[in-house]
Amino acid sequence: MTASLDLVDVDSLLTEEEVDVRATARRFADERLRPSLPEWFESASIPARELAKELGALGFLGMHLTGYGCAGLGPVAYGLACLEIEAADSGMRSLVSVQGSLAMYSIWKYGSEEQKNEWLPRMSAGEAIGCFGLTEPDFGSNPAGMRTNARRDGDDWVLNGSKMWITNGSVAEVAVVWARTDDGVRGFVVPTSTPGFSAPEITGKLSLRASVTSELVLDDVRLPASALLPEARGLSGPLGCLNEARFGIIFGAMGAARDCLETALAYAGERMVFDKPLAGYQLTQAKFADMAVELNKGILLAVHLGRLKEKGTLRPEQVSVGKLNNVREAIAIARECRTILAANGISGEYPIMRHANNLESVLTYEGTSEVHQLVIGQALTGQAAFR
């Protein structure tokens, strides 16, 4: 944050390494992403493989993982990188978090040494892009209902089914696919060149346009026994991966909110209304004050949860608190900032409406607000109310 936005001295809570990581991510966002984002959003296309290699060269892919070419940085450093990248665009942060916290994390956490050695060094360098196939067309919030199945055929596995709304799918070299087996839900490492695998891109999106989103189709995809993730059994495997990705969103959403607020502050300082700057009016300052308070609270919450994660004590309901609060407040800030820019707020010349559109997706992916409310509700009452 700029000094004027850091009302509670968040920087005093950060280590020198974390500040350096944040600065590197901010430079990348400013110099590489921001100049091209209006065009990428308008055309709904990005140079994903090129960007992956550049992000890999900076150490941002799987940066919170250890070994296998990964940077081994702490949770707060990873979160701050997500914040700065999402300050440019949520789709860019999605590329980073799906690669590192879903595809790479699932192999790192649940894979065999052979799988780790084959994929993680290439993925951390951005030479191979990964995707994560859990969500299905009819089963989003309820992954237990998945229809994608894997059956044994001799020593092989044969996968059939489909996945939906998969980030990076059409540009991925490897997909981590979750399927129902006779032994419950299991994960598989699927090279996307395998016969029977296809990933048609989803078009016509009004949100996350600077991001690759795809369907995954598995039609008698035959895999060797070594493709199975040996350490993941049941839904705890994919749900553990989702908690990793949600953690990055807690920080990332605050980046989008900050960018909206910085844009609105700069605009209001120059926009003359009734012969004085818009920023000089009480109602405008009240809006800015309320938004800055929520932004600072959200970043403080993110850093605190990061410190809990460092200690290994972060619980799933705490991740839900962070995701629910920070995305909800980020959308509110984006919408309020749009009102300050009035008609100019819907123009592609400014990033606010792009952030607002993106955050509508962030609100419902990696667990809808309603799902996170129920996770928190169960923690409070001891009663599961999902059904």
Side-chain angles (χ1 to χ4, degrees), residues 48 62 94 97-120 122-123 128-202 212-245 365-366:
S94 290
S97 62
V98 168
Q99 177 85 345
S101 290
L102 290 179
M104 291 179 68
Y105 179 81
S106 55
I107 296 171
W108 181 85
K109 178 73 173 177
Y110 304 117
S112 65
E113 280 300 312
E114 179 186 0
Q115 291 165 340
K116 294 173 186 179
N117 286 316
E118 178 180 1
W119 289 108
L120 293 181
R122 293 165 56 198
M123 294 173 79
I129 295 177
C131 66
F132 184 86
L134 177 64
T135 299
E136 297 192 358
D138 296 322
F139 298 97
S141 295
N142 178 25
M146 73 172 67
R147 296 194 182 105
T148 298
N149 65 85
R151 60 177 175 82
R152 295 301 300 262
D153 184 15
D155 291 333
D156 293 344
W157 289 94
V158 179
L159 274 62
N160 282 281
S162 64
K163 303 293 182 178
M164 196 68 171
W165 306 115
I166 307 303
T167 297
N168 298 345
S170 304
V171 295
E173 281 76 30
V174 62
V176 175
V177 176
W178 301 91
R180 184 177 300 282
T181 75
D182 290 340
D183 189 31
V185 172
R186 303 300 300 268
F188 297 86
V189 180
V190 184
T192 59
S193 59
T194 307
F197 181 97
S198 60
E201 187 169 357
I202 297 171
V212 176
T213 311
S214 313
E215 181 183 7
L216 304 185
V217 179
L218 301 110
D219 184 8
D220 283 337
V221 172
R222 181 173 290 272
L223 300 169
S226 60
L228 181 74
L229 289 173
E231 302 302 322
R233 292 179 179 272
L235 281 174
S236 62
L239 294 181
C241 299
L242 288 176
N243 264 335
E244 286 293 309
Y365 73 17
E366 314 288 357

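Positions are given from 1, in the same order as the sequence printed here. This structure is a prediction, so every number in the text was calculated from the model and none was measured.
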J.: Do any N or O atoms from the side chain of N168 and from the backbone of G130 form a donor-acceptor pair under 3.5 angstrom?
T.: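 Yes, N168 side chain to G130 backbone: donor-acceptor pair under 3.5 Å.
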
J.: Could you check V158, V190, L228, L218 and say which one makes a side chain to side chain contact (heavy atoms under 4.5 Å, CB included) with L223?
T.: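 Result: among V158, V190, L228, L218, V190 is the only option passing the side chain to side chain contact (heavy atoms under 4.5 Å, CB included) with L223.
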
J.: Hey, what do you get for CG (L134) to CG (L216), rounding to the nearest 0.5 Å?
T.: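 Reported value, rounded in 0.5 Å steps: 11.0 Å.
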
J.: How far apart are the closest heavy atoms of W119 and I107, and which atoms are they?
T.: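 Taking every non-hydrogen atom into account, CB-CD1, 4.1 Å.
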
J.: Locate the shortest heavy-atom distance separating K163 from V177; write the atom from each residue and the value.
T.: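 Minimum heavy-atom contact is CE-CG1, 4.1 Å.
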
J.: So, do Y110 and V176 sit near enough that their side-chain heavy atoms are less than 4.5 Å apart?
T.: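 No, their side chains stay 4.5 Å or more apart.
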
J.: For W165 and Y365, I'd like to know if the aromatic rings sit close, meaning centre-to-centre distance below 6.0 Å.
T.: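 Centroid separation for W165 and Y365: 6.0 Å or greater.
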
J.: When you measure from the side chain of R186 to the backbone N and O of A232, does any donor-acceptor pair fall under 3.5 Å?
T.: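 Indeed, once roles are kept as given, a pair shorter than 3.5 Å links the two residues.
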
J.: Between E366 and E244, is there a donor-acceptor pair closer than 3.5 Å when you use the side chain of the first and the backbone of the second?
T.: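 The answer is no, because no donor-acceptor pair under 3.5 Å joins these two groups.
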
J.: Kindly give the heavy-atom pair with the smallest separation between M146 and W178, and that separation in Å.
T.: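 Closest heavy-atom pair between M146 and W178: SD-O, 3.6 Å.
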
J.: Test side chain to side chain contact (heavy atoms under 4.5 Å, CB included) on N160 and D219; report intermediate values, then the result.
T.: CA-CA 5 Å; N160 282 281; D219 184 8; 3.9 Å; yes

J.: Would you mind reporting whether R147 and P137 have side-chain heavy atoms less than 4.5 Å apart?
T.: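 SC-SC contact between P137 and R147 ruled out.
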
J.: Measure from the side-chain N and O atoms of S106 to the backbone N and O of A103, and report whether any donor-acceptor pair falls under 3.5 Å.
T.: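 Present.
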
J.: To the nearest 0.5 angstrom, please state how far the CD atom of E136 sits from the CD atom of E215.
T.: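 So the CD of E136 and the CD of E215 are separated by 10.5 Å.
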
J.: Restricting to non-hydrogen atoms, name the atom on E114 and the atom on S226 that form the minimum distance, rounded to 0.1 Å.
T.: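 What the structure gives for the nearest pair is OE1-CB, 4.2 Å.
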
J.: Is it true that, when you exclude K109 itself, more than 12 heavy atoms of the residues, nucleotides or ligands shown sit nearer than 6.0 Å to its NZ?
T.: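 Check fails, neighbour count at 12 or below.
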
J.: Any donor and acceptor pair, going by atom type alone, linking the side chain of Q99 with main-chain N or O of M123 inside 3.5 Å?
T.: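 Answer holds: yes.
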
J.: Measuring from atom OG of S112 to atom CG of L229, what distance do you get when rounded to the nearest 0.5 angstrom?
T.: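 CG of L229 is found 8.0 Å from OG of S112.
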
J.: Looking only at heavy atoms, what is the nearest atom pair of F188 and A179, with distance?
T.: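 What the structure gives for the nearest pair is CE1-CB, 4.2 Å.
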
J.: To the nearest 0.5 Å, what is the distance between CZ on R180 and CG on L235?
T.: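 The CZ atom of R180 sits 8.0 Å away from the CG atom of L235.
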
J.: Treating T148 as the side-chain partner and S162 as the backbone partner, does any N or O pair qualify as donor plus acceptor under 3.5 Å?
T.: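 Flag set: sc T148 to bb S162 pair under 3.5 Å.
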
J.: Do D182 and R152 make a side-chain contact, defined as non-hydrogen atoms from C-beta onward lying under 4.5 Å apart?
T.: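 Counting from C-beta outward, D182 and R152 never come under 4.5 Å.
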
J.: Is the backbone of S214 close enough, under 3.5 Å, to the side chain of S170 for a donor and an acceptor to pair up by distance?
T.: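 It does not hold such a pair.
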
J.: Give a yes or no answer on whether the side chain of E231 reaches the backbone of G237 with a donor-acceptor pair at less than 3.5 Å.
T.: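 It does not hold such a pair.
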
J.: For the residue pair L102 and C241, what are the closest heavy atoms and their distance?
T.: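 L102 and C241 have their closest heavy atoms at CD2-O, 3.4 Å.
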
